[in-house]
Amino acid sequence: MADVKLTIAGRPYDVHCADGQEAQLVQLAALVDAKARGVQGGTEVRQLLFAALMLADETHEAQNKAGSAEPQLDSLRAAVALAESREAAAQDELRAAKAEARAAAAREQAALAEVEKLRQGAPVVPAAPAPAHDRALLQIADRIEALAAKVEQMA
Amino acid sequence: MELDDASLAIGRIERALSRIEKALAERPAAAATALPAAEQSALQREVTAVIGELDRLIAEAKHG
């Protein structure tokens with residue numbers, strides 16, 4: 001325990017408190033002393049009575065304020081919870097959108113690769129058989145001309 | 001061979017066919033049997049072969 005000397009309304013008091021709480025006790029005593037000194041006239045007991053009443057009034061008012069703030073706190077907590085929920089949903093949607101974008105990009109890459117493969121694999125000149133056809137046409141022309149010559153000889 | 005060359009070959013074929021048609025039209029009926037049998041058979045085989053070759057080309061052209 002610690003010994004603390006306090007002076008309230010001009011009278012010294014020796015009090016004890018837990019170790020480490022001396023400064024807080026002195027601070028509280030200063031509050032009481034200030035209230036007591038604020039009461040003009042009257043006995044010391046009356047000064048202390050009014051100091052106690054004023055401090056009780058301030059305590060009551062503070063409690064009322066805390067009580068009235070409670071519903072607002074609840075609303076704020078609900079709003080925070082809602083915002084957190086929406087943020088989580090938005091994060092989920094974002095993740096899904098990213099996954100979809102990645103899948104679309106992969107599909108596009110695959111399609112491009114397929115197009116490129118087809119382009120490389122496709123014949124540059126699609127009419128490749130044309131020369132063969134032309135050669136065949138020339139051979140047929142030769143053969144029909146020979147036939148014509150033969151038929152003309154027969155006639 | 002360019003397209004023009006192919007057209008030229010087709011033109012040659014058309015002209016040869018016209019010559020054959022004309023020769024056959026002007027040919028006397030008696031001459032139909034004048035050709036030896038072996039030669040006549042060879043001629044028929046050649047005509048059949050050329051017609052078959054033409055059919056094959058036409059089919060290939062139709063189916064790309």
Side-chain angles (χ1 to χ4, degrees), chain A residues 86-155, chain B:
Chain A
R86 284 182 179 168
E87 184 194 2
Q91 291 283 358
D92 287 346
E93 285 180 14
L94 186 62
R95 272 193 292 275
K98 280 181 180 174
E100 179 60 28
R102 276 195 293 271
R107 284 197 297 273
E108 184 187 358
Q109 285 295 324
L112 284 173
E114 188 66 21
V115 167
E116 185 60 24
K117 199 163 67 180
L118 287 172
R119 190 182 295 161
Q120 287 176 355
V124 176
V125 182
H133 287 171
D134 293 339
R135 276 196 301 277
L137 268 178
L138 280 173
Q139 288 170 0
I140 289 172
D142 290 342
R143 290 166 75 175
I144 292 183
E145 282 174 345
L147 273 176
K150 204 171 279 185
V151 171
E152 282 170 346
Q153 283 175 3
M154 287 163 43
Chain B
M1 191 156 77
E2 300 297 328
L3 182 61
D4 286 348
D5 294 331
S7 298
L8 285 174
I10 292 170
R12 282 175 57 197
I13 291 170
E14 286 174 343
R15 283 193 297 276
L17 287 173
S18 295
R19 283 167 57 196
I20 292 171
E21 192 178 22
K22 185 182 174 195
L24 291 175
E26 292 173 352
R27 186 183 179 195
T33 55
L35 209 62
E39 198 172 337
Q40 194 169 348
S41 177
L43 191 62
Q44 282 176 351
R45 280 201 302 274
E46 175 66 3
V47 169
T48 305
V50 169
I51 289 170
E53 187 67 14
L54 272 173
D55 284 343
R56 185 185 67 77
L57 269 182
I58 290 166
E60 280 186 10
K62 275 183 181 173
H63 295 102

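Protein chains get the first letters and strands the later ones, always in sequence-line order, with residue 1 at the start of each. Remember, predicted model here, so these are calculated numbers, not experimental data. Note that these values count all heavy atoms, side chains included, but never hydrogens, waters or copies made by symmetry.
Note: I13(B) CD1 to L137(A) CG = 5.0 Å, rounded to the nearest 0.5 Å. Distance check, rounded to the nearest 0.5 Å: CG of L54(B) to CD1 of I144(A) gives 5.0 Å. Note: L43(B) CG to L147(A) CG = 6.0 Å, rounded to the nearest 0.5 Å.
Nearest heavy atoms, A9(B) versus A141(A): O-CB, 3.8 Å. Nearest heavy atom pair, residue E145(A) against residue R12(B), reads OE1-NH2, 2.8 Å.
At a 4.5 Å heavy-atom cutoff, the contact between I10(B) and chain A is made by side-chain atoms alone. Using a 4.5 Å cut-off between heavy atoms, R56(B) contacts chain A through its side chain alone, with no backbone atom that close. No part of A146(A) comes within reach of chain B, as not one of its non-hydrogen atoms sits under 4.5 angstrom from that chain.
Crowding of R95(A) atom CZ: a count of heavy atoms from other residues, nucleotides or ligands under 6.0 Å exceeding 12.
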